[in-house]
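Note: hydrogens, waters and symmetry copies are ignored here, and every other heavy atom, side chains too, is used. Within every chain, numbering begins at 1; the chains are lettered A, B, ... in the order of the sequence lines, protein sequences first and strands thereafter.
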Amino acid sequence: MANFINLIVAGLATGAIYALVAIGFTLLWQTSQTINFAQGEFVMLPAFFMLAAMNAGLPFWAGILVGFAASFLILGLAFKQLLVDPMLKHGVLPLAIATMALSLFLKEGVKEFATAEAQPFPSIAPATNVNILGAVVSLQSVGVFVVAIIAVIALQAFLTRTSVGRQMQATAQNPTVARILGVPVERMVLYTFLINAGLVALASLLVTPIYLAKFSNGETLGLAAFIAAIVGGFNQIRGAIAGGLLLGIVDNLAATYISTQYRGAIPLILLIAVILLRPQGLFGRAEERTV
Amino acid sequence: MSASRKTLLIGLALALALAFLVLLPLGLNRYGLYILSLWAVTTIAAIGLNLTLGYAGQVSLAQGAFVGIGAYTAAILTTQGWPFIAAFLIAIILCFVIGWLLGYPALRVQHHYLAFVTLAFSTLAYLVFRNEEWLTKGIYGIVGIPRPELLGLSTNSPLAFYYFCLSVLLIVAAAMWWLIRSPWGRAFMALRENPTRALSLGVDTKRYTLLAFAIGSALGGISGVLYAPLVEFIDPTPFTLALSLNLLLMVIVGGAGFFFGPFLGALVAVLLPEWLRFAEGLYLILYALFVMLLLAYSPTGLLGILDRFITDRRTKAASAARAAAAPSVREEAA
């Protein structure tokens with residue numbers, strides 16, 4: 001039982017990180033039909049920005065700020081202006097393939113110009129254990145979960161309670177009508193790219209202490225984010241959250257109770273089953289756009 | 001340019017390319033022959049994916065898995081003493097059937113959803129290659145895969161094996177040339193252009209979607225069957241998702257839906273890294289950058305640029321002809 005609680009907590013922690021990445025992924029899809037195959041690499045990269053800043057002599061907190069700033073600039077603004085905008089007119093598939101090339105570019109770039117070795121990365125939560133319901137749970141897992149959930153709640157509040165947030169939702173739901181109603185659609189699309197950049201930077205900050213900073217981190221993270229987004233529902237933020245948490249728990253339980261060798265297979269089977277039986281996702285509504 | 005002159009020119013270019021492919025290896029060393037053989041083998045897989053993606057419009061990120069299935073079939077059977085030709089046929093049938101089954105999701109979902117299903121399949125196949133040690137020997141791999149003997153001729157020497165790969169490539173290419181000009185090929189293209197209209201015109205879209213996957217996958221299998229004896233050692237590492245992504249990029253870079261696209265794409269992805277060896281680690285970075293720029297400029301790939309250039313010239317020639325004809329019309333009107 002203690003072991004089980006441990007697994008659930010660890011699962012919720014990784015699941016919350018998956019959720020952050022998956023939310024960014026669905027936001028990009030909703031506002032600009034971008035299937036970002038480089039989303040995993042987007043999580044891998046900010047940790048290297050932070051490490052670079054710390055290697056330059058900055059303290060950890062300043063390194064985090066630099067990491068976020070670089071992420072907004074490169075993974076938000078530059079990504080949109082330099083890749084998505086010129087490609088968007090060609091349609092969904094060429095853009096998706098261009099992001100595959102981008103993922104290769106980022107991965108090989110880090111390997112070549114930063115390092116091919118895994119780098120240790122400081123954690124924002126101390127590496128001690130706490131006692132929950134008789135189970136010894138690492139404080140790091142709890143910290144990751146709490147920070148990620150606060151970020152998600154804040155984002156949700158921003159999207160539903162503020163004027164800008166509602167304009168963004170309008171843009172996502174129907175850009176043409178939103179434009180008629182006076183919503184500056186272009187700027188709203190830019191905001192989603194910036195939010196995605198913030199989410200991946202946060203995910204990077206939370207996940208890298210666990211996985212170490214390595215150029216190939218994006219492969220598993222990207223896949224997990226796709227699966228979380230699709231299982232939960234590709235067009236719903238709450239779907240991405242549920243999908244992420246579910247995936248984190250399933251992943252951890254499968255590794256312990258089913259097979260370590262096939263731990264990677266369980267989420268994939270879940271993905272195939274959901275796509276075939278309920279393509280709109282467990283919590284999504286049927287896609288209204290022509291897919 | 002008249003049609004017959006065009007055919008003549010294309011025929012001449014093809015004959016030159018073929019002569020080049022036959023004569024070039026005579027001056028190459030062992031490694032050069034290996035790379036050229038690898039190009040031929042990769043091209044076969046890319047031709048298969050071009051049918052699924054380029055002609056029938058079904059996104060697949062699973063082609064690498066079929067290369068793996070073909071390679072493992074050949075490796076397992078030939079090391080057990082089965083004749084190569086039997087392994088060859090079994091691999092084709094196996095990949096055809098699995099490809100057919102993988103086509104079923106395509107009947108339900110399209111585009112990026114389909115990409116994700118096939119991506120998941122690809123990763124699952126890799127896990128099976130790695131974990132089912134009783135069958136695939138897992139990460140230790142299968143060693144000593146014999147090169148086949150055909151019609152009493154051994155293909156043990158690199159040159160002989162290269163000619164064998166080249167012959168299979170030419171047969172596959174000829175079959176594909178015939179296929180896309182047959183009613184089946186037209187049905188595939190109808191499927192890509194407008195599935196609803198194809199259905200209303202009486203094309204059995206369900207059957208052709210499954211066929212597009214099955215035939216494309218079978219070609220992936222053929223590629224794998226040749227890959228195993230080419231490298232003589234098989235382990236799971238070459239068959240990760242990266243291979244499927246690479247094959248997809250090849251087809252797109254060359255020009256999806258163009259007959260010669262896969263040849264060109266495989267050339268860029270397999271041969272170019274060898275010529276640019278001085279760039280080493282930089283090569284993949286430059287390649288990725290090149291793909292992004294190419295897609296932004298021409299989403300239909302390298303052959304798309306050529307195609308656009310020819311169309312432009314034709315349009316200009318036609319408007320010049322119209323302009324030459326126009327004054328007389330105006331004079332008559334006046």
Top of B:Leu114, B:Leu241, B:Leu249, B:Leu282 for chain A proximity - count of heavy-atom pairs under 4.5 angstrom: B:Leu282
Part of A:Ile227 within contact of chain B (heavy atom distance under 4.5 Å): neither
Pairs of heavy atoms under 4.5 Å with chain A: top-ranked of B:Ile252, B:Val117, B:Leu293, B:Leu127: B:Leu127
Distance in Å, A:Ile272 CD1 paired with B:Phe121 CZ, rounded so as to fall on 0.5 Å steps: 8.5 Å
Structural part of B:Tyr104 lying under 4.5 Å from a heavy atom of chain A: neither
A:Glu219 side, atom CD; B:Thr240 side, atom OG1 - distance, nearest 0.5 Å: 7.5 Å
Atom group of B:Leu284 that falls short of 4.5 Å from chain A, counting heavy atoms: both
Heavy-atom proximity to chain A below 4.5 Å, by part of B:Val59: side chain
Identified side-chain contact (heavy atoms from CB on, under 4.5 Å) counterpart of B:Phe116 within the set A:Ile230, A:Leu268, A:Val274: A:Ile230
Close approach to chain B in residues 97-113 of chain A, criterion heavy atom under 4.5 Å: A:Ile97, A:Ala98, A:Met100, A:Ala101, A:Leu102, A:Leu104, A:Phe105, A:Glu108, A:Gly109, A:Glu112, A:Phe113
A:Leu277, part contacting chain B, at a heavy-atom distance under 4.5 Å: backbone
Salt bridge (Lys or Arg N to Asp or Glu O under 4.0 Å) involving B:Arg207 - partner list, sequence neighbours excluded: B:Asp204
Any A:Ile269 side-chain heavy atom under 4.5 Å of B:Leu124 side chain: yes
Residue among B:Ile285, B:Asn131, B:Leu107, B:Val291 with most heavy-atom pairs under 4.5 Å to chain A: B:Asn131
Under 4.5 Å from a heavy atom of chain B, the part of A:Ile35 involved: side chain
Chain A contacts, top residue of B:Ala256, B:Ala120, B:Ala242 (heavy-atom pairs, under 4.5 Å): B:Ala120
OH/A:Tyr257: more than 12 non-hydrogen atoms of other groups inside 6.0 Å: yes
B:Arg308, CZ: over 12 other non-hydrogen atoms inside 6.0 angstrom: yes
B:Leu245 versus chain A, the contacting section by heavy-atom distance below 4.5 Å: side chain
Residues B:Leu119, A:Phe37; criterion side-chain contact (heavy atoms from CB on, under 4.5 Å); working and verdict: CA-CA 11 Å; B:Leu119 182 154; A:Phe37 275 92; 4.0 Å; yes
Per-residue contact mode, A:Ala96 against chain B (heavy atom under 4.5 angstrom): neither
Which portion of A:Leu93 sits near chain B, non-hydrogen atoms under 4.5 angstrom: side chain
Nearest atoms (heavy-atom pairs only) where B:Met292 meets A:Met87: O-SD, 4.5 Å
Working for side-chain contact (heavy atoms from CB on, under 4.5 Å), residues B:Val128 and A:Tyr262: CA-CA 9 Å; B:Val128 171; A:Tyr262 280 106; 4.1 Å; yes
Heavy-atom contact with chain A under 4.5 Å, split by part of B:Leu248: side chain
Pairwise distance CG(B:Leu295) to NE2(A:His90) - rounded to 0.5 angstrom: 8.0 Å
